[in-house]
Engineer: 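Have a look at this one before I ask anything.
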Amino acid sequence: MASSLTKSRICVVDDDLDVLSSLRFLLETEGFDVRTFRSGAAMLDAAAIEEFDCFVIDFKMPNMTGITIANHLRDRKVPAPIILITGYPDQNIWAKATVAGIDVVLLKPDAEENLASQIRAAVQRNGRTGLR
């Protein structure tokens, strides 16, 4: 019997291939449909970014920070929640994240422990695809 529920589509952006692979495995194991990108530019150039239910974006990447990527998404009126992951929090990261329209900031290395539940909560709050 086929399920009437569709999987939430999650976009993950991180320049570290090992981290990207780990997050993809974790999220697919949790039942999400995951697409990964190694840069913000590649993700922003991708077709149909509006179809994602949630974005998980690393903060510190070359050429474009997670804050900058979030600003681009919000400028394009992409409504999906954004979760920023950082191992380099500064005292202003939460204020910067709020201004950029980021919903949640998770600190490495503990981010993976709470990521799936944070995604589900953000998707539900945003009224996207729903819980999986």
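Computed over heavy atoms, backbone and side chain alike; hydrogens, waters and symmetry mates excluded.
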Engineer: Applying salt bridge (Lys or Arg N to Asp or Glu O under 4.0 Å), name anything that partners Glu113, two or more places apart in sequence or on another chain.
Structural biologist: none
Engineer: What's the shortest heavy-atom distance between Asn126 and Pro79, and which atoms?
Structural biologist: ND2-O, 3.2 Å
Engineer: Which atom pair, heavy atoms only, marks the closest approach of Ala122 to Pro81?
Structural biologist: O-CG, 3.5 Å
Engineer: Please identify which of these residues, Ile67, Asn71, Thr65, Leu73, meets the side chain to side chain contact (heavy atoms under 4.5 Å, CB included) condition with Ile69.
Structural biologist: Leu73
Engineer: Can you give me the closest heavy-atom contact between Cys54 and Ala80, atom names plus distance?
Structural biologist: N-CB, 4.0 Å
Engineer: Just how far is it from atom OG1 of Thr36 to atom CG of Leu20, taken to the nearest 0.5 Å?
Structural biologist: 4.0 Å
Engineer: Measuring from Phe59:CZ to Leu107:CG, what's the distance to the nearest 0.5 Å?
Structural biologist: 11.5 Å
Engineer: About how many Å separate CG of Leu26 and CD1 of Ile10, when rounded to the nearest 0.5 Å?
Structural biologist: 11.0 Å
Engineer: Taking only residues two or more places apart in sequence or in another chain, which ones pass side-chain hydrogen bond (donor to acceptor under 3.5 Å, both in side chains) with Thr86?
Structural biologist: none
Engineer: Only counting residues at least two apart or in another chain, list the ones meeting side chain to side chain contact (heavy atoms under 4.5 Å, CB included) with Ala116.
Structural biologist: Glu30, Phe32, Arg120
Engineer: Any idea which heavy atoms bring Asp15 and Pro62 closest together, and the distance?
Structural biologist: OD2-CD, 3.3 Å
Engineer: Quick one: pull up CD1 in Ile83 and CG in Asn114 and give me the separation to the nearest 0.5 Å.
Structural biologist: 10.0 Å
Engineer: For Lys108, enumerate each residue passing the salt bridge (Lys or Arg N to Asp or Glu O under 4.0 Å) test, keeping only those at least two apart in sequence or located in another chain.
Structural biologist: Asp14, Asp58
Engineer: Please test Leu44 against Met64 for side-chain contact (heavy atoms from CB on, under 4.5 Å), starting from the C-alpha separation and ending with a verdict.
Structural biologist: CA-CA 11 Å; Leu44 291 168; Met64 192 179 302; 3.8 Å; yes
Engineer: Using salt bridge (Lys or Arg N to Asp or Glu O under 4.0 Å) as the criterion, list what pairs up with Arg35, not counting sequence neighbours.
Structural biologist: none
Engineer: Locate the shortest heavy-atom distance separating Ser8 from Asp53; write the atom from each residue and the value.
Structural biologist: CA-OD2, 3.2 Å
Engineer: If you look only at pairs with a residue in residues 17-27, which of them pass as a salt bridge (Lys or Arg N to Asp or Glu O under 4.0 Å), with sequence neighbours excluded?
Structural biologist: Arg24-Glu28
Engineer: How many angstroms lie between atom CD1 of Ile85 and atom CD of Gln118, to the nearest 0.5 angstrom?
Structural biologist: 10.5 Å
Engineer: According to the side-chain hydrogen bond (donor to acceptor under 3.5 Å, both in side chains) rule, which pairs have a member within residues 37-48, sequence neighbours left out?
Structural biologist: none
Engineer: For a side-chain contact (heavy atoms from CB on, under 4.5 Å) check, start with the C-alpha distance between Met61 and Val13, then their side-chain angles and the critical distance, and finish with the verdict.
Structural biologist: CA-CA 9 Å; Met61 293 184 288; Val13 184; 3.8 Å; yes
Engineer: If you draw a 6.0 Å radius around CG in Asn63, do more than 12 non-hydrogen atoms from other residues or ligands fall strictly inside?
Structural biologist: no
Engineer: Distance check, rounded to the nearest 0.5 Å: Cys11 atom SG versus Glu51 atom CD?
Structural biologist: 12.0 Å
Engineer: Closest approach of Gly66 and Ile57, non-hydrogen atoms and distance?
Structural biologist: CA-CG2, 3.6 Å
Engineer: If the condition is salt bridge (Lys or Arg N to Asp or Glu O under 4.0 Å), which residues does Asp33 pass it with, not counting sequence neighbours?
Structural biologist: Arg9
Engineer: For Ser22, give me all partners under side-chain hydrogen bond (donor to acceptor under 3.5 Å, both in side chains), at least two apart in sequence or on another chain.
Structural biologist: Glu112
Engineer: Please enumerate all residues that pass ring pair (Phe, Tyr, Trp, His ring centres under 6.0 Å) together with Phe55, with sequence neighbours excluded.
Structural biologist: Phe52
Engineer: Quick one: side-chain hydrogen bond (donor to acceptor under 3.5 Å, both in side chains) pairs with a partner in residues 93-103, sequence neighbours left out?
Structural biologist: Arg74-Asp103, Asp90-Lys96
Engineer: Output, in order, the C-alpha distance, side-chain angles, deciding distance and verdict of side-chain contact (heavy atoms from CB on, under 4.5 Å) for Val104 and Leu84.
Structural biologist: CA-CA 6 Å; Val104 177; Leu84 186 72; over 6 Å; no
